[in-house]
Structure formats: C-alpha cells, structure tokens
Amino acid sequence: MAVRIPLTVITGPLGSGKTTLLRHILETFPKKIAILMNEFGEIAIDTKIIQGKNVQMADLGGGCVCCSLLGEFEAAVNEIIDTVEPDNIVVETTGVAEPDALVFDIQESLHRVRLDGVITLSDADAMVRYPSVGHTTRMQIEAADTILLNKVDLVSQSELQAIEKKLHSLNETATILRTQRGKVDPDLLFGIGRERVQPPPHHVHQPEFESFGYKSPANFNRQCFEEFADSLSDVYRAKGFVRFDEEIYLFNFVAGRWELEPFTQEATELVFIGKQLSEKKSEIISRLKTCEQ
Ligand SMILES: Nc1nc2c(ncn2[C@@H]2O[C@H](COP(=O)(O)OP(=O)(O)OP(=O)(O)O)[C@@H](O)[C@H]2O)c(=O)[nH]1
C-alpha cells in the first residue's frame with residue numbers, strides 16, 4: 001500500500017494568526033508543502049497572501065469545509081497529491097469552522113493521507129478582551145494536539161498564565177506553546193502522529209458570522225481610510241488589499257486593532273466579517289466610498 005501523506009489541520013478563531021503562521025512555516029520549513037485553504041467570505045484573500053511563495057495551493061472557496069464541502073475537499077486533496085506529490089499537506093480552516101467533522105472525515109474517508117495533527121491558534125489578545133469562550137472556539141481548542149497561544153506581545157504575563165490555565169481546563173492533553181506572530185520551530189508542528197480517533201460529529205453547524213466583500217479600482221485617501229478603520233466597531237474581522245497613491249497594502253483588522261503592510265497586489269479588495277452584518281453593509285460601504293479619490 002502507498003505511504004499516506006501526513007496532513008496537518010490549522011484551525012483557530014477569526015484573526016488569531018493562522019495565515020501568519022503559514023507564512024512563517026513556508027519561510028522556515030524545508031519540505032515540500034501543499035496548502036488547502038477554506039475561506040469564509042466571497043473574496044479569497046488568504047490565498048492571495050500565500051500565493052507566489054513557491055507553494056502549491058488549492059482554494060476550497062467561500063463555504064465552510066466543516067459542513068458543506070467535504071466532497072470538494074476530498075477531490076482537492078487527491079488532485080494535490082497527484083500533481084505535486086507533497087511531503088506534507090496543510091489545511092487552513094476558516095475561523096468559523098468547527099474542526100470535528102473535518103477531522104472525522106480525514107480519518108474515516110481520506111485513505112491517501114494520515115492526520116498528523118491539529119494545530120489550534122489561540123488569540124491571547126481576544127481571550128483577554130472577550131473572556132467568554134464561544135462554542136466554536138471551544139471545539140477548536142478541544143480538537144487540538146498543539147495549541148499556539150499567539151499574540152503574546154499584546155498581553156501581560158499574568159494574563160498569559162490565566163489563559164493557559166483556561167486552555168488546559170478545556171484540553172488537558174494538548175501541548176501549549178506561546179508564540180508571537182506564529183514564530184515557532186516548525187519541527188514542533190509536524191510529525192505529531194496523532195492517535196486520538198474522532199467520533200462522528202452530531203451537530204449541524206451554522207456559522208453566526210456574516211460577511212461581504214468590496215472591490216474598487218480607485219485610489220483611497222490614506223488618512224480617510226485610517227479613520228474609517230478606527231471607526232469599524234460593527235465588524236469583528238476585515239482583511240484584504242487597499243490602494244493608496246499607487247501602492248497597495250495588506251489591511252488586517254481584528255476586533256478593533258488593525259495593521260497595514262506594503263504588499264504586491266493588483267487592486268483594492270476587502271472582506272468584512274461580523275455578526276448581523278447585512279444590516280450594516282450599506283452604511284459601511286458608503287463610509288468607505290467617501291475615501292475614494
Ligand atoms: N501583535 C500581534 N499581531 C499578530 C500576531 N499574530 C498575528 N497578528 C496579526 O493579526 C492579524 C490577523 O492575522 P492572520 O494571520 O491574518 O489571522 P487568521 O487567523 O489567518 O485570520 P482569518 O483567516 O481571517 O481567520 C494580522 O494583522 C497579523 O499581523 C502576534 O503574535 N502579535
């Protein structure tokens with residue numbers, strides 16, 4: 001029988017640092033990695049962030065691999081194995097995904113891969129600012145073999161200890177590693193050899209978040225856009241690319257904190273994610289449009 005290719009699932013809440021971790025892995029891990037991404041939102045941003053880094057990618061589109069895309073997922077795994085023969089496969093789930101159905105499906109139905117491990121990112125900053133752990137986040141923590149307690153730069157030592165205690169109470173067996181911007185020795189993430197068998201999931205998962213996208217050929221006024229970002233209180237997560245004065249930046253917004261990073265990309269395209277967002281969509285877009293020049 002052919003050797004099964006190790007597959008690693010990366011999960012964790014919206015904006016916790018999954019794509020940042022992937023960028024770090026691609027810079028530091030010497031093996032041939034193939035990446036499957038499942039994004040929430042109609043415009044695929046993460047795929048574009050990772051593209052061009054000499055890696056084979058497959059994008060599972062804007063749905064949730066945990067519920068509706070299992071057939072598509074299996075086909076994508078088979079295709080990536082046939083075309084690139086990777087040493088390792090990494091799946092980045094959406095932040096709203098509960099990984100149990102995915103883990104079950106990988107173990108039950110995907111005979112060409114072996115689930116090596118589940119890595120769950122935990123957002124230290126969000127855990128301090130929003131201490132109640134929601135259902136999806138709890139499922140992500142429970143599924144983990146390794147938990148990366150990320151964004152340690154944004155919280156105090158005593159807060160970190162309290163979060164670690166909480167994580168340990170939800171998952172006694174996972175290894176917890178503190179990270180800043182996902183910087184961890186990749187050898188600690190691969191070769192876990194998970195043995196825990198996932199029972200069949202029972203729930204019907206309905207993401208409570210909504211999203212919308214916005215594309216524009218315009219140049220944006222930077223100061224106006226920064227004021228817009230400061231006022232995005234109805235949105236939990238926003239990401240994408242924005243053009244100021246002929247230069248494009250990667251925009252990342254998580255729970256009120258935001259960053260801009262110079263990035264090579266074609267045009268402005270942004271995704272906004274939040275609860276009950278459809279009610280606020282037109283107001284958010286009209287505020288954004290005032291920054292077009
Ligand atoms: N201060 C700080 N910021 C971080 C750290 N890790 C990630 N970030 C920032 O957090 C934001 C979100 O990071 P991403 O890696 O895009 O998060 P994600 O989990 O892939 O997001 P989704 O795919 O939308 O769920 C970006 O602005 C990152 O630069 C960290 O350790 N410290």
**Item:** Greater than 12 external heavy atoms within 6.0 Å of E85's CD
**Value:** no

**Message:** With heavy-atom distances below 4.5 Å as the criterion, would you say the side chains of T179 and V152 are in contact?
**Reply:** no

**Item:** Inter-residue atom distance M37.CE - E92.CD, 0.5 Å rounding
**Value:** 4.5 Å

**Message:** Do I10 and V91 make a side-chain contact, defined as non-hydrogen atoms from C-beta onward lying under 4.5 Å apart?
**Reply:** no

**Prompt:** Can we say R114 and D116 salt-bridge, meaning some charged N sits less than 4.0 Å from an Asp/Glu carboxylate O?
**Reply:** yes

**Prompt:** Roughly how far apart are I248 CD1 and L260 CG, rounded to 0.5 Å?
**Reply:** 11.5 Å

**Request:** Output, in order, the C-alpha distance, side-chain angles, deciding distance and verdict of side-chain contact (heavy atoms from CB on, under 4.5 Å) for I5 and D87.
**Result:** CA-CA 7 Å; I5 295 172; D87 298 316; over 6 Å; no

**Request:** State yes or no: do L177 and V90 share one hydrophobic cluster built from I, L, V, M, F, W and Y residues joined by side-chain heavy-atom distances below 4.5 Å, directly or via other members?
**Result:** yes

**Prompt:** Do K18 side-chain atoms and G12 backbone N/O form a donor-acceptor pair below 3.5 Å?
**Reply:** yes

**Asked** For the residue pair I80 and A34, what are the closest heavy atoms and their distance?
**Response** CD1-CB, 3.6 Å

**Prompt:** Which heavy atom of V184 sits nearest a heavy atom of L188, and at what distance?
**Reply:** CG2-CD1, 4.0 Å

**Fill in**
dist L110:CG -> L115:CG (nearest 0.5 Å) comes out at 10.0 Å

**Complete:** Exactly one candidate in E269, K289, K281 meets side chain to side chain donor-acceptor pair (under 3.5 Å) with Y214; the answer is K289

**Prompt:** Side chains of E292 and S216: is there a donor and an acceptor less than 3.5 Å apart?
**Reply:** yes

**Prompt:** V128 and L170: same hydrophobic cluster, using ILVMFWY side-chain contacts below 4.5 Å?
**Reply:** yes

**Asked** Looking at E159 and R178, does any basic side-chain N land under 4.0 Å from a carboxylate oxygen?
**Response** no

**Message:** Taking side chain to side chain donor-acceptor pair (under 3.5 Å) as the criterion, tell me which of R243, E246, E247 meets it with N219.
**Reply:** E246

**Heavy-atom neighbours of Q276 CD exceed 12 at 6.0 Å** = no

**Request:** Taking all heavy atoms of F228 and all of C291, pick out the closest pair and write down the distance.
**Result:** CB-SG, 4.4 Å

**Request:** Please confirm whether the backbone N or O of G95 pairs with a side-chain atom of R237, one donor and one acceptor, at under 3.5 Å?
**Result:** no

**Prompt:** Below 4.5 Å, heavy atoms only, C-beta onward: do V197 and F104 meet side chain to side chain?
**Reply:** no

**Item:** K275 NZ/CZ over Y236 ring centroid, <6.0 Å and within 45° of normal
**Value:** no

**Message:** Taking the basic N atoms (NZ, or NE/NH1/NH2) and the acidic carboxylate oxygens, is any pair closer than 4.0 Å for R112 and D82?
**Reply:** yes

**Request:** For side-chain contact (heavy atoms from CB on, under 4.5 Å), just list the numbers for M127 and L167, CA-CA rounded to whole Å, side-chain angles, deciding distance to a tenth of an Å, and then say yes or no.
**Result:** CA-CA 10 Å; M127 297 270 291; L167 292 173; 3.9 Å; yes

**Request:** Compare all side-chain heavy atoms of K166 with those of I141 and state whether any distance is below 4.5 angstrom.
**Result:** no

**Prompt:** Hey, are the side chains of T175 and D145 touching, using non-hydrogen atoms and a 4.5 Å cut-off?
**Reply:** no

**Item:** K31 atom NZ: more than 12 heavy-atom contacts under 6.0 Å
**Value:** no

**Request:** Calculate, to the nearest 0.5 Å, the distance between atoms CG and NZ belonging to L270 and K239 respectively.
**Result:** 11.5 Å

**Message:** Using a strict threshold of under 4.0 Å (side-chain N to carboxylate O), is an ion pair present between R287 and E283?
**Reply:** yes

**Side-chain heavy atoms of T146 within contact of I192, under 4.5 Å** = yes

**Asked** Applying the 4.5 Å side-chain criterion to the ILVMFWY set and letting contacts propagate, would L154 and L148 be lumped into a single cluster?
**Response** no

**Asked** Shared ILVMFWY cluster between F272 and I285, side chains joined below 4.5 angstrom?
**Response** yes

**Item:** Donor-acceptor pair, side chain of S286 and main chain of S282, under 3.5 angstrom
**Value:** yes

**Complete:** Note: V254 and R129 closest approach over all heavy atoms is O-NH2, 4.0 Å

**Asked** Is the shortest distance from a Lys or Arg side-chain nitrogen in R23 or E261 to a carboxylate oxygen in the other one below 4.0 Å?
**Response** yes

**Prompt:** Is the NZ or CZ atom of R222 positioned over Y249's six-membered ring, under 6.0 angstrom from the centre and within 45° of the axis?
**Reply:** yes

**Message:** Is it the case that the side chains of Q180 and N150 hold a donor-acceptor pair, with the cut-off being a distance below 3.5 Å and no angle test?
**Reply:** no

**Prompt:** Would you say the side-chain atoms of Q223 and E227 include a donor-acceptor pair closer than 3.5 Å?
**Reply:** yes

**Prompt:** Would you say the side-chain atoms of Q140 pair up with the backbone N or O of H135, donor to acceptor, closer than 3.5 Å?
**Reply:** no

**Message:** Tell me the closest heavy-atom pair linking Q107 and Q198, and the distance in Å.
**Reply:** OE1-N, 2.8 Å

**Passing candidate, side-chain contact (heavy atoms from CB on, under 4.5 Å) with L149, options L121, L160, V155** = L160

**Request:** Provide the closest heavy-atom pair for A144 versus A174 in the form atom of the first, atom of the second, distance.
**Result:** O-CB, 3.6 Å

**Message:** Angle between ring planes, F244 versus F225, binned at 30° and 60°: parallel, tilted or perpendicular?
**Reply:** perpendicular

**Message:** Hydrogens and angles aside, do T11 and T93 bring a side-chain donor and acceptor to less than 3.5 Å of each other?
**Reply:** yes

**Asked** Please walk me through it: do L189 and I25 pass side-chain contact (heavy atoms from CB on, under 4.5 Å)?
**Response** CA-CA 9 Å; L189 306 178; I25 290 172; 3.9 Å; yes

**Item:** Cluster check L22, I147: I/L/V/M/F/W/Y, side chain < 4.5 angstrom
**Value:** no

**Close side-chain approach of I273 to E210, heavy-atom, < 4.5 Å** = no

**Asked** Any side-chain heavy atom of F209 sitting closer than 4.5 Å to one from L277?
**Response** no

**Asked** Under the side-chain contact (heavy atoms from CB on, under 4.5 Å) criterion, do I33 and I89 qualify, and how do the steps go?
**Response** CA-CA 6 Å; I33 299 180; I89 297 176; over 6 Å; no

**Asked** Is a donor on one side and an acceptor on the other found under 3.5 Å between the side chain of R4 and the backbone of H111?
**Response** yes

**Request:** Examine F241 together with F263 and report whether their ring centres are nearer than 6.0 Å.
**Result:** yes

**Asked** Does D123 come within less than 4.0 Å of K151, counting only side-chain N to carboxylate O?
**Response** yes

